[in-house]
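First up is the structure itself, then whatever we jot down about it.
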Amino acid sequence: MKKLAAIAFLLTAMGCFILSCQSSEDIEFKRHYAGGMLLYQTHCQNCHGKNGEGLSALIPPLTDTNYISKNRHKLACFVQNGANGIINVSGKFYEGSMPPSGLSPIEIAKVLTYVGNSFGNKTGLINLNQVQKDLKECK
Amino acid sequence: MKKLTGLLLPVLMIAACTSNHTGKTLPIYGEREPVTKALNSQQVTDTVYHTIPAFKFINQFGDSITDKSLNGKIYVADFFFTSCPSICPIMHRNMLNVYNAFKDEKDINIISFSIDPKHDSVAVLKKYADGLGISGNSWWLLQGDKMATYDLSKSFLVTTPKEDEKEKFIHDGYFILIDKQKRIRGSYDGTNEEQVKQLIEDIKTLKAEPAETAK
């Protein structure tokens, strides 16, 4: 009987631990998302639009969920270094140029968490670790 | 009697002025001066309004465009450059709404002056127009002499563009509404969606303005 109580105690403790773990990730997500929204408004929205709609054939939209999830590890490099050359988004070709954003890695993590979870995208949290790893792979 | 007419005249003039404002009309901007001239042996006082002076530029098709190309037209003007990283994309996202509202109306035009004519050649402007998805002759992207462009910007009462190391050029994002007499009738922040909606309404008001006020 004592054993059972001990197991039950352990299980609840583990449960609590996992729950609190999740909610701290949740908090991290929310923090990134909220900060990212502000960064988006000041650094990206002029070009990509309030709803990520882009601008005709000049600026690609951020609503292509396939493109965003497939390229999620390249996005940090785009935001840090800018993007040039022809890219294919939503079946259309874009040949504009995006200037380097001047954002720090933590800011990039925030803005990408926002973009990655808005406009229909669902990449989940993109944190500093991830961004730093992705930035090492920039071409 | 002469005294009386002297008194009456201003009163009548004020009355004439205010009667313009029953029906909705748009204000007329810029400096104005009364000019008295002899007409049929009578002294007539007319108000001379600020108007857009003569100009000559080239559009995205390589055609020459002058102030005369806009005779008899209401038009909206702005200043931009194709490689602008800051406010131009918002301005032209909003200007597309104006374009779409009036592209089939022959007497309404949009003209966008490039403030970076060195980079924005006719070919670059054409490519930008294609990218923007505009066609036909209702929205002209213009380029010409840089100093002439900067000078002309003054007559549209916008801030004269300035070159800048970081942003390349600093300019304001105003859309200026010009009537058929080349007078300024409105000025709207082109980066503000609400103000651009107002511009679209004001163009309709201006179009409906009776011919006598728009003599």
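Residue numbers begin at 1 in each chain, while the letters A, B, ... track the order of the sequences.
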Original post:
Listed by chain and number, what are the side-chain hydrogen bond (donor to acceptor under 3.5 Å, both in side chains) partners of B:T159, not counting sequence neighbours?
Top reply: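 Result, side-chain hydrogen bond (donor to acceptor under 3.5 Å, both in side chains) vs B:T159: B:D172.
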
Subject >> Under 4.5 Å from a heavy atom of chain B, the part of A:H43 involved >> reply: neither

Original post:
Can you check whether B:L157 reaches B:H50 side chain to side chain, under 4.5 Å on heavy atoms?
Top reply: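 They are in side-chain contact.
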
Original post:
Which residues, numbered in order, of residues 93-124 of chain A come under 4.5 angstrom of chain B by heavy-atom distance?
Top reply: A:E95, A:P99

Subject >> Members of residues 51-68 of chain A whose heavy atoms come closer than 4.5 Å to chain B >> reply: A:E53, A:G54, A:L55, A:S56, A:A57, A:L58, A:I59

**OP:** Output the distance between atom OH (B:Y75) and atom CD1 (B:I111), rounded to the nearest 0.5 Å.
**Re:**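 Taking OH in B:Y75 and CD1 in B:I111, the distance rounds to 5.0 Å.
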
Original post:
CG/B:N94 to CD/B:Q195 distance, rounded to the nearest 0.5 angstrom?
Top reply: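 If I round to the nearest 0.5 Å, the distance is 10.0 Å.
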
**OP:** Output every pair passing salt bridge (charged side-chain N to carboxylate O under 4.0 Å, His left out) with a member in residues 71-88 of chain B, not counting sequence neighbours, ordered by first then second residue.
**Re:**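 Those involving residues 71-88 of chain B do not exist here.
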
**OP:** Using atom types as modelled and distance alone, determine if a side-chain donor or acceptor of A:T42 lies under 3.5 Å from a backbone N or O of A:L38.
**Re:** yes

Original post:
Do any N or O atoms from the side chain of B:K182 and from the backbone of B:D67 form a donor-acceptor pair under 3.5 angstrom?
Top reply: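 Judged by distance alone, yes, a pair lies under 3.5 Å.
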
**OP:** Walk me through it: do A:R72 and A:D134 pass the test salt bridge (charged side-chain N to carboxylate O under 4.0 Å, His left out)?
**Re:** CA-CA 9 Å; A:R72 59 176 289 174; A:D134 291 346; over 6 Å; no

Original post:
Is the NZ or CZ atom of B:R32 positioned over B:Y49's six-membered ring, under 6.0 angstrom from the centre and within 45° of the axis?
Top reply: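 B:R32 over B:Y49 ring: no.
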
**OP:** Have a look at B:M95 and tell me which of B:L132, B:I90, B:V76, B:I134 forms a side chain to side chain contact (heavy atoms under 4.5 Å, CB included) with it.
**Re:**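 Between B:M95 and the candidates, side chain to side chain contact (heavy atoms under 4.5 Å, CB included) is satisfied uniquely by B:V76.
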
